[in-house]
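What follows is one structure encoded as structure tokens, with my remarks underneath.
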Number of protein chains: 2
Amino acid sequence: MTQTMADAVISELVKQGKITDPQSAKGRLMYEAAHLFKNKGYERTTVRELAKAVGIQSGSLFHHFKSKEDILLGVMEETIVVNIGRMNKALIQQPDPKHQLLALIRCELDSVHLDTGEAMSVLVSEWRSLNEENQKYILKLRDDYEALWFRVIREGIQNGTIQHDEFILRRLLAGAISWSATWFRPDGNLSIDELAKQTLMLAIR
Amino acid sequence: MTQTMADAVISELVKQGKITDPQSAKGRLMYEAAHLFKNKGYERTTVRELAKAVGIQSGSLFHHFKSKEDILLGVMEETIVVNIGRMNKALIQQPDPKHQLLALIRCELDSVHLDTGEAMSVLVSEWRSLNEENQKYILKLRDDYEALWFRVIREGIQNGTIQHDEFILRRLLAGAISWSATWFRPDGNLSIDELAKQTLMLAIR
DNA sequence: TTGTAAACCAAGCGCTTGCTTGGTAGTGTG
DNA sequence: CACACTACCAAGCAAGCGCTTGGTTTACAA
């Protein structure tokens, strides 16, 4: 929410039809859903609550989505797509693996703490509420996302910047970053930039 | 489950009346609950399912616990109490902050991957399903748990072993360790001991 | 002006949920 | 033997759930 509304990546993806316009009724619905799902959990959030938050009747939700689970799927799907887009854009601006890794860390911290923060939290904690087919679909998207990390880490290993095993390193970093949702506040003393640098220092000495 | 059943800490705590005997009906019920809550989520697990897993009628659950939430609370409470006991026991066997920190990391990895693994996962992901009062109570227990970590880290800072800020370090480590539940398998190529050492190396160079 | 589709409302159906109730079998104690 | 207590069963209630249905309003194009 602190992020600029004129987000080039988002409007680009909207134009390409890859995500829903956040300004549209459906987009606002997903935003409210992410908020409720994060703070109450998916199962504890009722369609009546969600409808009230959006300002419509509960039955009207099913004009936009065919089921409650479909709303959850939409939130998760679009969150990954947006963050893949942002990471790709950040990567091409960096000259070498070290700066690219910092950019990825910074991007992921942004995704956890800025506009997609609530949706990211839902993505991490509510995947069990998807049926098997939808879980597979989201897992596939996650793999595309992780592929970006592994490409950069492998390049870092090749040019000597990184010493760790690529899988262990990515997983330790993923844990440290996603866990920051439970304690870090971007409006506190520590800035996201500073936290990103300190996190990079776990990987590079 | 791979951990020895003759667990000195557990039988000690049972004797003191601080936790339920895992062999008793109530203890087995909580074990089954942890399993279901982890794999399906608390809200998606019905009392009928849980009762079936234990082998009794759904109504009979309420002879042991006054509500479904009370079962969740029991699982969380006893898990923390057990792990505080284990950490205390491990700490007194180590001579200096470096080895004490390794012991804590090892203990927490054990708690995530061995007998209390499913309950720990529930502890991390299902706290929102507790009402306000119960959340406060569990938070208080967590603070006792965290106090052990901060004591060791502070001593490490004082004798020069550790350079990080104590809060940031603990939180980065907590993230890396708890996240390992999503990818690490103790029966795979990497042992818990090895993972513990590699995790320690994030903190100490 | 008419036709069409999207967006929504009002009402409620069928089902599942956590939990309650009244009673019973088994076990130990005086 | 009488009593008490624990552990459980069988049945079902009240409430809340996701979702459906039939109809209305709004927007816009032909």
Under 4.0 Å between a side-chain N or O of [X] and OP1 or OP2 of [N]?
| X | N | value |
| --- | --- | --- |
| B/H63 | D/dC8 | no |
| A/S60 | C/dA7 | no |
| B/H64 | D/dC8 | yes |

Between [atom2] on [N] and [atom1] on [X], what's the gap in Å once rounded to a whole number?
| X | N | atom1 | atom2 | result |
| --- | --- | --- | --- | --- |
| A/Y42 | D/dC17 | OH | P | 13 Å |
| B/F62 | D/dA11 | CZ | P | 18 Å |
| A/Q57 | C/dG12 | CD | C1' | 13 Å |

**Q.** Shortest side-chain distance from A/S67, nucleotide among D/dC8, C/dT17, D/dC19
**A.** D/dC19

Q) Of all the nucleotides listed (D/dC8, D/dG18, C/dC19), which has the minimum atom distance to the side chain of B/K68? A) C/dC19

Q: Mark yes or no for a side-chain to base donor-acceptor pair under 3.5 Å between A/R48 and D/dG16, with no hydrogen or angle criteria applied.
A: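 Checked by distance alone, the answer is no.
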
Q. Quick one: do the B/E78 and B/T20 side chains pair a donor with an acceptor below 3.5 Å?
A. yes

(Q) At 4.0 Å (heavy atoms only), tell me whether A/T45 reaches a base, stays on the sugar-phosphate, or touches nothing. (A)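 Sugar-phosphate contact only - A/T45 comes under 4.0 Å of backbone atoms but never of a base.
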
Q. Going by heavy atoms in the side chains, are B/D7 and B/R86 under 4.5 Å from each other?
A. yes

Q | Test item: B/L130 and B/M76 side chains (from C-beta on) under 4.5 Å apart, heavy atoms | A |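 Heavy-atom side-chain distance check passes, below 4.5 Å.
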
Q: With sequence neighbours excluded, tell me which residues meet ring pair (Phe, Tyr, Trp, His ring centres under 6.0 Å) with A/Y137.
A: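 Scan of A/Y137 (ring pair (Phe, Tyr, Trp, His ring centres under 6.0 Å), adjacent residues dropped) gives none.
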
